[in-house]
Amino acid sequence: LSHTLTHYTGGKISDALMDFTGHAAKSINMSRNRQNVAQTLERVSSLHKMNGLTELLGCSVRGTRGNGENEEKLSNGLYAGHAYAILLFQEVSVRLNKSSSKKERVPLVELMNPWGKNTWNGAFGKNSNIWTLNPELAKTLKYEPNGGTFWMQLKDFANVFDRIEG
């Protein structure tokens, strides 16, 4: 590269992956058909589990202003028009509420905000009561609440993010 990374101020994940790796990236537009998104994510997740893939994957939420690529803070703690790295898919058995001692199997996705802050504030977010209901969960997931990574249920991920690229 003839210039530093400080020259990158925005753009598409697929363009960045092409610049850094030399390989063409593929993109999945999840906002077109939300009903099939969960199935698509389950397939991506199962491929990662079966093959131990280390493919670089990113995701983003389309913004509401301008061309949809402008960064804007959302009420869920995330930023639209901002890239997040997809790190891991994992299924866990957890208690989801205080009123039940029953554990449920929940598919999760681990994401990273390159800024190291401003993470998801829904279920499995840094301040979610799920962590106190399941004290062993953070250790199981190797989760550090202030490390810039965060976990989401796959169903929430499917409803929030508009694009996966890798």
Side-chain angles (χ1 to χ4, degrees), residues 13-14 16-17 21 25-63 71-166:
I13 297 166
S14 55
L17 290 174
T21 67
K26 296 203 181 322
S27 179
I28 300 170
N29 184 343
M30 300 189 316
S31 61
R32 286 193 183 142
N33 188 351
R34 292 278 182 204
Q35 288 73 29
N36 292 332
V37 169
Q39 291 173 340
T40 300
L41 290 172
E42 289 292 342
R43 281 195 296 261
V44 171
S45 170
S46 66
L47 281 173
H48 273 259
K49 287 178 191 170
M50 287 187 315
N51 298 326
L53 295 178
T54 56
E55 183 176 343
L56 298 172
L57 292 176
C59 56
S60 59
V61 179
R62 186 163 176 76
E71 289 183 345
E72 60 184 281
K73 184 158 185 163
L74 304 173
S75 62
N76 61 21
L78 301 176
Y79 275 78
H82 180 64
Y84 294 86
I86 298 172
L87 302 178
L88 186 65
F89 293 92
Q90 188 165 335
E91 192 169 285
V92 294
S93 201
V94 294
R95 282 181 55 208
L96 293 174
N97 57 57
K98 281 193 260 187
S99 61
S100 173
S101 61
K102 180 183 168 208
K103 290 191 172 190
E104 297 181 38
R105 302 279 308 156
V106 179
L108 301 175
V109 58
E110 183 183 22
L111 302 163
M112 183 186 76
N113 182 344
W115 292 344
K117 58 183 180 178
N118 303 104
T119 61
W120 170 248
N121 61 23
F124 292 90
K126 177 166 69 172
N127 298 316
S128 171
N129 70 341
I130 290 172
W131 300 109
T132 54
L133 289 171
N134 304 275
E136 75 292 345
L137 185 60
K139 185 176 179 182
T140 300
L141 294 174
K142 298 177 184 156
Y143 174 59
E144 172 54 48
N146 297 314
T149 64
F150 59 98
W151 290 88
M152 292 178 78
Q153 284 183 297
L154 209 50
K155 69 177 186 174
D156 289 334
F157 178 86
N159 287 321
V160 171
F161 285 90
D162 295 306
R163 184 172 298 280
I164 294 177
E165 298 179 80

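Worth knowing before you read on, the calculation uses all heavy atoms, side chains too, and leaves out hydrogens, waters and symmetry mates.
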Item to check | Side chain N134, main chain I130, donor-acceptor under 3.5 Å | outcome: yes
Item to check | From CZ (R95) to CG (N129), nearest 0.5 Å | outcome: 9.5 Å
Next on the checklist: To the nearest 0.5 Å, what is the distance between CD on E72 and CZ on R62?
Outcome noted: 10.5 Å
Checklist entry - Do the non-hydrogen side-chain atoms of N113 and H82 ever get within less than 4.5 Å of each other? => result yes
Checklist entry - Is M152 close to F161 at the side-chain level, that is, under 4.5 Å between some pair of heavy atoms? => result yes
Next on the checklist: With a 3.5 Å distance limit and no angle check, can you tell me whether S100 reaches the backbone of N97 through a side-chain donor-acceptor pair?
Outcome noted: no
Checklist entry - Could you give the distance from NZ (K117) to NZ (K126), rounded to the nearest 0.5 Å? => result 11.0 Å
Checklist outcome for this item: When every non-hydrogen atom of N76 is compared with those of L78, the smallest separation belongs to OD1-N, 2.9 Å
Checklist entry - Tell me the ring-ring contact (aromatic ring centres under 6.0 Å, His included) pairs involving residues 117-141, sequence neighbours left out? => result W131-Y143
Checklist entry - So does K103 pair up with E136, basic N to acidic O under 4.0 Å? => result yes
Checklist entry - Hey, is the main chain of G116 close enough, under 3.5 Å, to the side chain of N146 for a donor-acceptor pair? => result no
Next on the checklist: So which atom in P114 and which in A83 form the shortest heavy-atom distance, rounded to 0.1 Å?
Outcome noted: CD-O, 3.3 Å
Next on the checklist: Working to the nearest 0.5 angstrom, can you tell me the gap between M112 CE and I86 CD1?
Outcome noted: 11.5 Å
Checklist entry - Can you tell me how far the SG atom of C59 sits from the CG atom of L111, to the nearest 0.5 Å? => result 5.0 Å
Next on the checklist: With rounding to the nearest 0.5 angstrom, report the CG to OG distance, L133 to S128.
Outcome noted: 8.0 Å
Checklist entry - Under a 4.5 Å cut-off applied to non-hydrogen side-chain atoms, are W151 and L87 in contact? => result no
Checklist entry - Taking the six-membered ring for Trp, are Y84 and Y79 ring centroids under 6.0 Å apart? => result no
Checklist outcome for this item: Smallest heavy-atom separation, A123 atom then Q153 atom, equals CB-OE1, 4.0 Å
Checklist entry - Can you find a pair of side-chain heavy atoms, one from L141 and one from Q90, that are under 4.5 Å apart? => result yes
Next on the checklist: Closer than 3.5 angstrom, by distance alone: can the side chain of D156 be matched with the main-chain N or O of N159 as a donor-acceptor pair?
Outcome noted: no
